[in-house]
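Before any comments, here is the structure.
As a basis for the values below, the full set of heavy atoms in this structure was taken, side chains included, without hydrogen atoms, waters or symmetry mates.
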Amino acid sequence: MKNNKFERENIVWTNLELKKLIEDENSCVKLVRAKKHLGLLPYHLNDLNASLKESMKGFLYCYDRELGGSLLAFQKGKLLTNYGDLMGDSPFIHIDIEADFYIFQPKIGKPLKGVVNKVAPNHIGLLVHKGFNASIPKPFGNDKEWIGNTLSIDQEVAFTPTIINFNSKCPYIRGTLNESEYNFKHPKKIVPKIEFESEEEQVKRDNDSEEEEPDERDKDSEEEELVEQEEEEEEEEEGEQESEQEKETNKKILTKIKKEIKEEMQEETQAEIQENKRTEKKGKKESKKRKQREEVDEGEQEIDKRKKRRIS
């Protein structure tokens with residue numbers, strides 16, 4: 001479990017990938033701008049920006065009731081206040097942040113896509129959105145015709161969730177393969193089509209392919225790839241600029257929090273010193289009164305002794 005958690009925390013999403021997930025209706029991923037409550041330890045104040053990201057990584061790929069789904073990724077986080085709350089003797093500093101949360105909200109009956117990561121005799125294991133596990137059990141009495149027998153590792157397939165359980169930290173997803181929509185990735189493996197050519201046709205086809213210029217589709221695909229790369233680079237530059245601004249803002253907030261903590265400690269120290277002075281002054285007064293009472297008692301005792309002597 002620890003290894004799986006460590007791997008999930010180190011999953012990286014580019015801005016372009018997240019954008020495609022939001023645009024894809026069948027991804028079941030939703031973008032939400034929401035608030036989140038965090039508890040930081042005092043040593044986190046040394047690097048607030050890094051500590052916030054590290055704390056948020058612990059929520060990745062886990063179900064969150066407040067957000068209504070499992071957290072896939074987060075961006076553009078910022079503090080909502082310059083102050084942190086301390087409660088009793090707890091060392092945690094309670095703060096609120098706001099960020100863009102990418103929430104995975106699968107629903108029963110709504111198609112999903114997954115990548116095959118395990119092929120077993122009785123079921124197929126899928127990986128959804130790089131970190132969520134899904135299981136496709138083999139149906140009974142249909143071993144030969146089951147389409148799962150033709151699948152291979154790292155193959156992308158479509159399936160429909162039939163059972164989703166959010167009681168565990170990471171959701172449990174179980175489903176069935178969509179055989180009608182399956183051909184989108186590896187149609188040749190499922191419906192093999194073999195055409196026989198004569199030697200003359202084969203030679204003619206080879207010669208034509210050598211003389212042909214690059215297909216327009218290849219040009220279009222290359223242009224699309226270049227456009228996507230440019231968009232991704234622009235988004236990365238914007239993200240870097242935003243992260244720099246976040247670092248400067250968090251640095252100012254950190255300095256202010258440290259200053260406030262120092263002032264509070266100085267006030268508490270001054271209060272303790274004044275209290276000690278009051279206690280010391282009060283003790284001196286009481287000792288002085290005690291000494292005066294002792295002197296009065298001694299004087300009364302001396303008077304009594306003198307009276308007894310006169311009588312005798």
Side-chain angles (χ1 to χ4, degrees), residues 4-38 47-64 66-80 95-107 110-115 117 126-134 154 156 158 170-171 173 184-185 219-253:
N4 291 337
K5 183 180 179 183
F6 178 78
E7 290 174 1
R8 290 192 181 104
E9 288 180 356
N10 287 274
I11 292 174
V12 178
W13 288 92
T14 64
N15 293 331
L16 188 61
E17 288 175 330
L18 293 172
K19 186 178 179 182
K20 287 181 178 179
L21 285 179
I22 299 301
E23 293 173 351
D24 185 4
E25 294 181 357
N26 293 329
S27 68
C28 293
V29 177
K30 185 179 178 182
L31 175 60
V32 179
R33 184 74 179 177
K35 298 177 183 178
K36 187 77 177 169
H37 183 81
L38 297 177
D47 191 344
L48 192 58
N49 192 54
S51 299
L52 289 175
K53 290 182 179 179
E54 191 66 27
S55 298
M56 283 302 303
K57 280 184 178 181
F59 297 99
L60 291 177
Y61 290 89
C62 297
Y63 183 74
D64 192 308
E66 294 178 358
L67 298 174
S70 299
L71 183 58
L72 187 71
F74 62 92
Q75 286 182 338
K76 301 177 183 178
K78 68 172 184 178
L79 288 170
L80 293 179
I95 60 169
D96 290 321
I97 68 164
E98 188 179 52
D100 290 339
F101 296 107
Y102 292 83
I103 311 300
F104 179 51
Q105 298 174 323
K107 295 180 181 179
K110 189 169 184 180
L112 283 171
K113 293 178 183 178
V115 178
N117 63 350
L126 302 179
L127 199 63
V128 181
H129 299 328
K130 300 184 181 182
F132 297 105
N133 292 315
D154 293 333
E156 189 178 23
C170 192
I173 304 173
F184 66 88
K185 204 65 181 173
K219 291 181 180 180
D220 292 339
S221 62
E222 289 178 0
E223 290 177 358
E224 288 177 0
E225 288 179 0
L226 289 172
V227 170
E228 288 180 358
Q229 287 179 359
E230 289 176 358
E231 289 179 354
E232 188 172 351
E233 288 175 358
E234 289 176 359
E235 289 176 356
E236 286 179 356
E237 289 177 0
E238 290 176 359
E240 288 176 358
Q241 291 176 357
E242 289 175 355
S243 63
E244 288 294 330
Q245 292 175 356
E246 289 174 9
K247 285 181 180 179
E248 291 178 2
T249 305
N250 291 335
K251 190 175 180 180
K252 291 178 182 177
I253 293 170

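- In this structure a side-chain-to-backbone donor-acceptor pair under 3.5 Å is missing from Glu98 to Leu80.
- Nearest approach of Lys36 to Phe101, heavy atoms of both residues: CB-CZ, 3.9 Å.
- Considering all non-hydrogen atoms of both residues, Ser55 and Leu38 come closest at CB-CD1, 4.5 Å.
- Here the CG-CG distance, from Asn26 to Leu21, works out to 11.5 Å after rounding to the nearest 0.5 Å.
- Residues Ile11 and Gly131 approach most closely at CD1-CA, 4.0 Å, considering heavy atoms.
- Residues Gly114 and Val128 come closest through the heavy atom pair CA-CG2, 4.3 Å.
- Phe132 has its side chain out of reach of Leu112: every pair of non-hydrogen atoms, C-beta onward, lies at least 4.5 Å apart.
- Within the 4.5 Å cutoff, the side chain of Asp100 has heavy atoms near those of the Lys76 side chain.
- Rounding to the nearest 0.5 Å places CD of Glu25 at 7.0 Å from NZ of Lys110.
- The structure places CD of Gln75 at 4.0 Å from OH of Tyr102, a figure rounded to the nearest 0.5 Å.
- To the nearest 0.5 Å, atoms OH (Tyr61) and CG (Leu71) are separated by 9.0 Å.
- Taking the side chain as every heavy atom from C-beta outward, Glu54 and Lys57 approach each other to under 4.5 Å.
- The environment of CD in Glu23 is crowded: more than 12 heavy-atom neighbours from other residues, nucleotides or ligands sit within 6.0 Å.
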Practice item. Apply the test side-chain contact (heavy atoms from CB on, under 4.5 Å) to residues Asn117 and Asn133: give CA-CA distance (whole Å), side-chain angles for both, the deciding distance (0.1 Å), then the verdict. Key: CA-CA 9 Å; Asn117 63 350; Asn133 292 315; 4.0 Å; yes

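- Nearest heavy-atom pair, Cys28 versus Lys107, reported as atom, atom and distance to 0.1 Å: SG-N, 4.5 Å.
- Taking each heavy atom of Phe74 and Met56 in turn, the nearest pair found is CZ-CB, 3.4 Å.
- Residue pairs that meet the ring-ring contact (aromatic ring centres under 6.0 Å, His included) test with at least one member in residues 11-32, sequence neighbours left out, do not exist here.
- A distance of 9.0 Å separates CG of Leu31 from CG of Leu18, quoted to the nearest 0.5 Å.
- Separating the CG atom in Leu127 from the CD atom in Glu156 is a distance of 11.5 Å, to the nearest 0.5 Å.
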